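Encoded as structure tokens, the structure appears first; notes follow it.
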Amino acid sequence: MSKSATNSRASGGNEVRDRILETASELFYRRGVRAVGVDLVVEKSGVAKTSLYRHFGTKDDLIAAFLKREDLDFWSTWDRVTEQHSDDAEAMLDAHFEWIGERVGRENYRGCPQINTAAEFPEADHPSRKVAEAHMREMRRRLKTIAEGLAVAAPDRLAGQLAVLINGAFVSMQLFEPGEATGLLRDAAHALIAASRS
């Protein structure tokens, strides 16, 4: 078989995998992971069930891939904002609250996919729960880096408080008035920072 034929087949395989993952991600996010069966993913993506299982051995593998995809999207935005404010930790934190506040204020926002999925799977060894927990640990690590740049007495403690604040926003979207989330997040963060410096 020629190299171009092999590449074409690999490309076609990637397109099928991407279509399955795109469809599953949309369904999982809108309806919840447990509520969406493999048959519905197959139907909506227009692929054969064998194709789904060729790319994702189990539904759990598909769920983990969905969460990893969401993870990449979230951290790519985080990295872009971080790069824009690399020399000013307070401006960086404010900028993060800007996009996070915008995100939770979206009309179709249903909360953090990692938090939502972890709530659906209480088993500590479930693959999707492991991805969700890794996401939360990474957020705290990144927040600690910012807190260290703020010259506070206890950066790890502030990072934990900021993580609680952000995760609280992710699950409180129904409580916010339009456009309110960013200001609430910033005000609360500034109060926490001031308390950490006193």
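All values below come from the heavy atoms of this structure, side chains included, with hydrogens, waters and symmetry mates left out. The structure displayed is predicted, hence computed values, not measured ones.
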Exercise. How far apart are the C-alpha atoms of Arg19 and Glu15, what are their side-chain angles, what is the distance that settles it, and do they pass the salt bridge (Lys or Arg N to Asp or Glu O under 4.0 Å) test?
Worked result: CA-CA 6 Å; Arg19 187 173 350 135; Glu15 287 176 22; 5.8 Å; no
For this session: Test side-chain contact (heavy atoms from CB on, under 4.5 Å) on Phe74 and Met139 and set out the steps.
Result: CA-CA 10 Å; Phe74 186 88; Met139 178 179 289; 3.7 Å; yes
Exercise. Where do Phe28 and Asn116 land on the side-chain contact (heavy atoms from CB on, under 4.5 Å) test, with the steps shown first?
Worked result: CA-CA 10 Å; Phe28 287 159; Asn116 293 349; over 6 Å; no
For this session: Please test Ile100 against Phe170 for side-chain contact (heavy atoms from CB on, under 4.5 Å), starting from the C-alpha separation and ending with a verdict.
Result: CA-CA 9 Å; Ile100 290 170; Phe170 288 151; 3.8 Å; yes
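Using a cut-off of 4.0 Å between Lys/Arg side-chain N and Asp/Glu carboxylate O, Asp39 and Lys49 are scored as salt-bridged. With respect to the salt-bridge test (charged N to carboxylate O, under 4.0 angstrom), the residues Asp156 and Arg141 do not qualify. Salt-bridge annotation for Arg142 and Asp79: present, with a side-chain N of the basic residue lying under 4.0 Å from a carboxylate O of the acidic one.
For Arg34 and Phe121, the positive end sits near the middle of the six-membered ring, less than 6.0 Å away and at most 45° from its axis.
Across all their heavy atoms, Ala181 and Gly101 have their closest contact at CB-O, 3.8 Å. Between Val131 and Leu67, the closest heavy-atom pair is CG1-CB, 3.6 Å. Of all heavy-atom pairs between Ala147 and Leu158, the closest is CB-CD2, 3.9 Å. The two residues Val41 and Leu62 make their nearest non-hydrogen contact at CG1-CD2, 4.3 Å. A pairwise comparison of heavy atoms in Val81 and Ala95 identifies CG1-CB, 3.5 Å as the closest pair. Nearest heavy-atom pair across Arg103 and Thr77 is NH2-OG1, 4.3 Å.
Glu43 contributes no side-chain N or O that, together with a main-chain N or O of Leu40, makes up a donor-acceptor pair within less than 3.5 Å. Ser172 contributes no side-chain N or O that, together with a main-chain N or O of Leu175, makes up a donor-acceptor pair within less than 3.5 Å. Ser76 contributes a side-chain N or O that, together with a main-chain N or O of Asp73, makes up a donor-acceptor pair within less than 3.5 Å. Under a 3.5 Å cut-off, the side chain of Lys59 and the backbone N or O of Val33 do form a donor-acceptor pair. No donor-acceptor pair closer than 3.5 Å links the side chain of Asp88 to the backbone N or O of His85. A distance-only check finds no donor-acceptor pair linking the side chain of Tyr29 to the backbone of Ala24 [under 3.5 Å].
Two different hydrophobic clusters hold Val164 and Val152 under the rule that ILVMFWY side chains link at heavy-atom gaps under 4.5 Å.
We find the CZ-CG distance between Phe176 and Leu185 to be 6.0 Å, quoted to the nearest 0.5 Å. Annotation: the span from Ile63 atom CD1 to Lys68 atom NZ amounts to 12.5 Å, rounded to 0.5 Å. For the atom pair Arg30 CZ and Arg110 CZ, the distance stands at 9.5 Å (nearest 0.5 Å). Here the OG1-CD distance, from Thr117 to Glu70, works out to 8.5 Å after rounding to the nearest 0.5 Å. Distance NZ/Lys130 to OG/Ser128: 10.5 Å, rounded to 0.5 Å. Taking CZ of Arg197 as the start and CG of Leu192 as the end, the distance is 12.0 Å to the nearest 0.5 Å.
Side-chain contact check for Val38 versus Phe56: every heavy-atom pair is 4.5 Å or farther apart. Side-chain atoms of Leu143 and Ile166, non-hydrogen and from C-beta on, do get closer than 4.5 Å to each other. A heavy-atom distance below 4.5 Å is not found between the side chains of Ile115 and His135. Counting only heavy atoms from C-beta outward, the side chains of Glu22 and Ser45 never approach each other to under 4.5 Å. Contact annotation: the side chain of Pro178 never approaches that of Glu107 to less than 4.5 Å [non-hydrogen atoms, C-beta and beyond].
Applying the side-chain hydrogen bond (donor to acceptor under 3.5 Å, both in side chains) criterion to Glu98, with sequence neighbours excluded, gives Arg186. Judged as a side-chain hydrogen bond (donor to acceptor under 3.5 Å, both in side chains), and not counting sequence neighbours, Asn167 has no contacts. Listed by chain and number, the residues in a side-chain hydrogen bond (donor to acceptor under 3.5 Å, both in side chains) with Asp94 are His190 (sequence neighbours excluded).
Side-chain N/O atoms of Trp75 and Asp71 include a donor and acceptor closer than 3.5 Å.
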